There are 2 protein chains.
Amino acid sequence: MRPTVHDIAAAAGVSLATVDRVLNQRPGVRHVTREKVENAIREIGYVRDVAAANLAKGRTYPFVFILPASDNSFMHGLNAEVRAAVARAPVDRTEIRTIEIPAFDPDALVAALEMLGEERPSGIALVATDAPEVREAVDKLVENGIPVVTLVSDLTGSRRHHYAGVDNIAAGRTAARLLGRFLGGAEGDVAVLAGSMLVRDHRERLEGFAAVIAREFPSLSILPVLEGRDDPEMAYMLVADALSKKGGIVGVYSLGAGNRGLIKALKARAADRSLTVVAHELTAHTRAALIDGTIDAILNQDAGHEVRSAIRVLKAKADGLAVIDGQERIRLDIFLKDNLP
Amino acid sequence: MRPTVHDIAAAAGVSLATVDRVLNQRPGVRHVTREKVENAIREIGYVRDVAAANLAKGRTYPFVFILPASDNSFMHGLNAEVRAAVARAPVDRTEIRTIEIPAFDPDALVAALEMLGEERPSGIALVATDAPEVREAVDKLVENGIPVVTLVSDLTGSRRHHYAGVDNIAAGRTAARLLGRFLGGAEGDVAVLAGSMLVRDHRERLEGFAAVIAREFPSLSILPVLEGRDDPEMAYMLVADALSKKGGIVGVYSLGAGNRGLIKALKARAADRSLTVVAHELTAHTRAALIDGTIDAILNQDAGHEVRSAIRVLKAKADGLAVIDGQERIRLDIFLKDNLP
DNA sequence: CCAAATTTGATGTACGTAAATCAAAATTTG
DNA sequence: CAAATTTTGATTTACGTACATCAAATTTGG
């Protein structure tokens with residue numbers, strides 16, 4: 001049987017009340033006594049029964065998710081996963097509130113974070129916009145003892161407790177190798193479609209992609225990045241234009257959202273030529289394109305896993321418990337038409 | 001606030017004792033009363049507080065994991081993950097016991113399952129050997145209300161509650177496409193190294209592999225399967241022999257364990273020629289081979305995820321709760337040298 | 001050494017559920 | 001309709017922890 005508070009009291013030769021004072025860091029315990037109790041805890045290997053403690057406290061975990069108000073499939077999916085978590089909330093004692101803020105707007109994000117500093121929720125998850133002022137706001141929260149995890153997009157050099165998202169440099173590198181190997185040594189140009197170079201994930205993906213292409217596939221050269229602002233219309237125009245003007249394009253890497261436009265352009269212009277295409281994010285559109293051969297591989301991050309992982313980590317941090325690292329590493333999914341879920 | 005048993009009692013106009021009788025299916029409640037209570041439960045949307053219930057019951061979940069005594073990296077890893085779960089057991093009220101049985105031995109497996117039928121643990125996870133008598137034994141357990149999940153390897157046509165493992169047909173198909181695309185339309189032979197065609201996962205991987213090669217990469221032809229019994233020595237001999245005799249080999253698919261031997265053979269014989277190699281299971285050996293270019297892609301199933309998923313599902317089944325499907329789908333990991341964890 | 005301050009102990013209640021007991025009420029049976 | 005039986009209610013204790021209160025013991029300061 002697991003040791004209980006009573007066992008600590010017996011082992012330390014003190015009363016239950018004193019054990020309680022130590023465990024819940026209440027005042028009025030002499031230093032020596034406190035140490036006696038702490039030693040006993042260590043010796044008998046006591047771990048607090050979180051379930052019983054929560055029951056006694058009537059504790060719930062008020063968490064806040066800060067999400068950008070972006071109108072693309074991925075963010076919609078992320079939103080849906082957060083809502084699903086909200087629906088499960090009563091069962092696992094979480095109370096999740098979401099705040100929507102304009103995308104790519106550091107000031108709005110900072111304002112929200114500062115407001116939450118007053119409110120002091122049990123934990124905060126945010127899709128970070130990578131700016132110094134955001135980092136500062138996050139660091140301040142961390143300093144004040146509020147657990148913070150970044151979601152999907154990380155925050156350079158910040159002291160956030162955890163990042164629930166994929167390694168975007170690795171994603172870019174992987175895309176490069178897939179494209180390079182699929183092209184089998186062919187020579188030509190590669191078009192890259194991004195959302196915006198102001199977003200950290202996109203920058204990182206490009207960085208990884210460019211590095212591997214340069215080093216390992218020198219016969220391929222990367223054309224200037226097309227910034228489609230994750231907008232299908234704009235993506236369509238940019239890609240269609242590039243395909244018509246540049247005859248040497250043999251491959252396309254789409255590292256952002258707005259793939260609907262990309263697919264439309266590919267279908268319109270590329271029926272005659274064979275293009276190898278790697279894109280990010282599995283949506284209804286990219287899935288169909290993968291199946292019909294318009295896209296050759298899709299890299300994906302599972303928004304559901306990211307949200308659940310963020311919640312688990314926030315909870316663990318709020319309770320001062322350890323996280324299972326292997327469980328919380330968000331993996332990069334690679335989908336070919338054969339292993340679609 | 002979440003409704004409690006008291007709220008049910010008030011809503012149904014009965015006493016707490018009666019609510020308890022209904023909730024815990026104790027006898028001595030008239031049909032009409034039982035229905036009144038059940039309606040009230042539905043109307044106010046009561047969900048039992050599992051934490052409080054477990055506390056009151058002093059409940060723990062005695063689970064049993066039946067693992068084959070196979071001496072390969074993957075099974076060692078699986079074992080380690082189970083041990084890690086055992087170490088965490090006190091915290092989540094599980095008591096995990098493992099039983100080792102000889103590999104590929106349906107009789108031993110059936111004997112173990114029948115023994116557990118008497119013992120009645122809260123749940124059983126087993127690496128299934130795909131045989132009719134095993135299916136029958138599992139179905140009997142399920143009929144007797146014991147939650148059963150298959151781990152890593154599934155059981156054809158059985159009524160097990162869940163399968164915590166990857167889709168091996170999809171894995172084989174994915175391997176075929178990676179190999180085919182990486183070879184870029186080259187002509188030649190493909191060697192396939194398996195453990196044993198008596199194991200279901202291996203049969204399925206081969207099935208998926210062969211189907212995609214035949215349909216989409218007709219310029220490749222699959223050589224007769226080499227059965228290495230997941231043994232490094234044997235794998236070495238078989239592969240070395242094949243490489244020396246068959247000049248037209250351009251690719252290798254290793255769908256089982258024993259990759260240490262494969263890698264040795266590849267390094268010895270294939271320095272001069274360029275082979276494209278896809279293998280299963282990420283281990284220290286395959287990881288090194290992927291990095292140095294001996295292997296081009298590794299397909300992997302995360303044993304840690306499988307074990308944790310099995311436990312979550314068993315717990316949910318034991319409590320009669322729903323599982324989050326997306327969370328429990330074990331994904332096929334594809335590793336290139338760029339996205340290694 | 002005494003009074004004041006601090007530390008410790010003893011005890012009770014609560015959280016939401018399980019499980020048991022005994023009495024009271026309702027229903028069925030002959 | 002009474003007796004036997006079944007169903008229901010009322011009440012209590014327990015699980016492991018949190019938290020509050022009050023009394024008793026110990027330490028500290030002057």
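Because the structure is predicted, anything quoted here is derived from the model rather than measured. Only heavy atoms go into these numbers, but all of them, side chains included; no hydrogens, no water, no symmetry mates.
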Between A/T18 and C/dT8, is there a side-chain N or O to OP1/OP2 distance below 4.0 Å?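 For C/dT8, neither OP1 nor OP2 has a side-chain N or O of A/T18 closer than 4.0 Å.
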
According to side chain to side chain donor-acceptor pair (under 3.5 Å), does anything in residues 142-159 of chain B pair up with another residue at least two apart or in another chain? List the pairs. B/D130-B/T156, B/E143-B/R159, B/T150-B/D154, B/S153-B/D201, B/D154-B/R160, B/T156-B/R200

Only pairs at least two apart or in different chains count here, so list each salt bridge (Lys or Arg N to Asp or Glu O under 4.0 Å) that has a residue in residues 90-102 of chain A. A/R93-B/D49, A/R97-A/E119

Taking a pair as Watson-Crick or G-U wobble with both distances under 3.5 Å, which nucleotide is matched to C/dG30? D/dC1

Which donor-acceptor pairs under 3.5 Å do side chains of residues 319-326 of chain B form with protein atoms, sequence neighbours excluded?
| from | atom 1 | to | atom 2 | distance (Å) |
| --- | --- | --- | --- | --- |
| B/D319 | OD1 | B/Y61 | OH | 3.0 |
| B/D319 | OD2 | B/Y61 | OH | 2.6 |

Sequence neighbours excluded, which residues qualify as side chain to side chain donor-acceptor pair (under 3.5 Å) partners of [X]?
X      : answer
A/S309 : A/E328
B/D333 : A/R331
A/R30  : none

Go along nucleotides 13-30 of chain D 5' to 3' and tag each nucleotide: B for a protein heavy atom under 4.0 Å from its base, S when only backbone or sugar atoms are that close, - otherwise. --BBBSB-------S---

Would you list the protein and nucleotides 23-25 of chain C atom pairs, both N or O, that sit under 3.5 Å from each other?
none

Over all atoms of both residues, closest heavy-atom pair of B/L151 and B/V307: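 Residues B/L151 and B/V307, closest heavy atoms: CD1-N, 4.3 Å.
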
Donor-acceptor pairs under 3.5 Å, side chain of residues 21-29 of chain A to any protein atom, not counting sequence neighbours: which ones?
| from | atom 1 | to | atom 2 | distance (Å) |
| --- | --- | --- | --- | --- |
| A/N24 | OD1 | A/R48 | NH2 | 3.0 |
| A/N24 | ND2 | A/D20 | O | 3.3 |
| A/N24 | ND2 | A/D20 | OD1 | 2.9 |
| A/R26 | NE | A/D20 | OD2 | 3.1 |
| A/R26 | NH2 | A/D20 | OD1 | 3.2 |
| A/R26 | NH2 | A/D20 | OD2 | 2.8 |

Atom pair distance, as rounded to whole Å: CD in B/Q25 and C1' in C/dA19: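 Rounding to the nearest Å, CD of B/Q25 and C1' of C/dA19 are 15 Å apart.
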
